[in-house]
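This report concerns only the one structure given below.
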Amino acid sequence: MSTLRLEQLNAKYIIAANALSLKPGQAQYIAPVSYSAAVSVVNPDTAWQRVVVDDETDEVVGFIHGSFDPDADRDEFSAALWRIHVDARGQGRGIGRFAVDALADEARSRGCAALYVIYEPGEEGPGPFFEHVGFETIGETPYGESVGRMPM
C-alpha cells in the first residue's frame with residue numbers, strides 16, 4: 001500500500017472528498033461530506049476535518065470529521081468521531097484505521113480521556129469497523145443509535 005497523509009479539508013480537496021464512492025448498502029449510514037463541512041461552519045473552533053491522501057497518486061481516498069469540545073454537556077460530545085468515509089475501492093486497506101488513529105492521536109494531544117463515536121447499527125453498518133479499530137459499544141442514544149468509546 002502507498003504512503004498516506006492527512007490534509008485539512010479545504011477548497012482543494014472538497015470536490016474529491018464529495019466524490020468518494022460507497023459499497024452497496026453503505027449509503028444509508030453516511031451523510032455527504034458537504035453536510036459535515038456545513039456543520040463545522042456553526043462552530044469551526046471544535047471541528048477537526050481531514051482528508052486522507054494517497055502520496056503515490058495524490059488522490060483523496062478518505063475523509064474524517066472529528067470534534068473536540070471540552071465544554072460539551074455530555075462526554076460523547078467532548079471528543080467525537082462524527083464521520084469517516086473511505087472510498088469503496090480502498091476499504092480494507094488500512095485507510096480507515098490510519099484516519100481513526102490520527103484522530104485518536106489528536107484526542108490524546110488534547111488530553112482527552114476517551115474518543116467517542118455515535119452510529120446507526122445495521123447489517124451493512126459501520127459497527128464492525130469501529131470495534132475493529134478499538135471502540136467498545138457502551139450504550140445507545142434515545143434514537144436507537146449505538147455509542148462507542150475508545151479509551152485513550
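Throughout, residue positions are numbered sequentially from 1 according to the sequence presented.
Within 6.0 Å of CG in Asp73 there are 12 or fewer heavy atoms belonging to other residues, nucleotides or ligands. No more than 12 heavy atoms of other residues, nucleotides or ligands lie within 6.0 Å of CD1 in Ile15, so this atom counts as exposed by the packing criterion. More than 12 heavy-atom neighbours from other residues, nucleotides or ligands sit within 6.0 angstrom of CD on Glu145.
Taking CD1 of Ile64 as the reference point, atom CZ of Arg83 lies at 10.5 Å (rounded to 0.5 Å). Within the model, atoms CD1 of Ile95 and CZ of Arg89 stand 9.5 Å from one another, a figure rounded to the nearest 0.5 Å. Atom CZ of residue Arg50 and atom CD of residue Gln8 lie 4.5 Å apart, to the nearest 0.5 angstrom. A distance of 12.0 Å separates CG of Leu115 from CD of Glu76, quoted to the nearest 0.5 Å. Residue Phe63 holds its CZ atom at 5.0 Å from CG of Leu9, rounded to the nearest 0.5 Å. The NE2 atom of His85 lies 7.0 Å from the CD atom of Gln91; values are rounded to the nearest 0.5 Å.
Judged as a ring-ring contact (aromatic ring centres under 6.0 Å, His included), the pairs with a partner in residues 126-152 (not counting sequence neighbours) are, in order, Tyr119-Phe130, Phe130-Phe135.
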Start with the C-alpha distance between Leu20 and Val86, add both sets of side-chain angles, then the distance that settles side chain to side chain contact (heavy atoms under 4.5 Å, CB included), and finish with yes or no.
CA-CA 7 Å; Leu20 292 170; Val86 173; over 6 Å; no
From CA spacing to verdict: salt bridge (charged side-chain N to carboxylate O under 4.0 Å, His left out), Arg108, Asp101
CA-CA 10 Å; Arg108 281 185 207 88; Asp101 286 349; over 6 Å; no
Verdict with reasoning, Asp75 to Tyr116, per side chain to side chain contact (heavy atoms under 4.5 Å, CB included)
CA-CA 8 Å; Asp75 287 343; Tyr116 294 87; 3.6 Å; yes
Would Arg149 and Glu136 satisfy side chain to side chain contact (heavy atoms under 4.5 Å, CB included), going step by step from the backbone distance to the final call?
CA-CA 5 Å; Arg149 181 180 187 276; Glu136 177 185 345; 5.6 Å; no
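The two atoms that bring Val133 and Met150 nearest to each other are O-CE, 3.2 Å, heavy atoms only. Heavy atoms only, all atoms of each residue included: Ile84 and Gly96 are closest at CD1-O, 3.6 Å. When all heavy atoms of Ser21 and Asp87 are compared, the pair lying nearest together is N-OD1, 2.7 Å. Leu103 approaches Gly66 most closely through the heavy-atom pair CD1-CA, 3.9 Å. The heavy-atom pair separating Trp82 from Ser67 by the smallest distance is NE1-CB, 3.1 Å. Across every non-hydrogen atom of Ala47 and His65, the tightest pair is CB-NE2, 4.2 Å.
Remark: Asp54 engages Ser2 in a side-chain hydrogen bond (donor to acceptor under 3.5 Å, both in side chains) (not counting sequence neighbours).
Side-chain N or O atoms of Gln26 include none that pairs as donor or acceptor with a backbone N or O of Glu124 at under 3.5 Å.
Ser78 and Asp69 share no side-chain donor-acceptor pair at under 3.5 Å.
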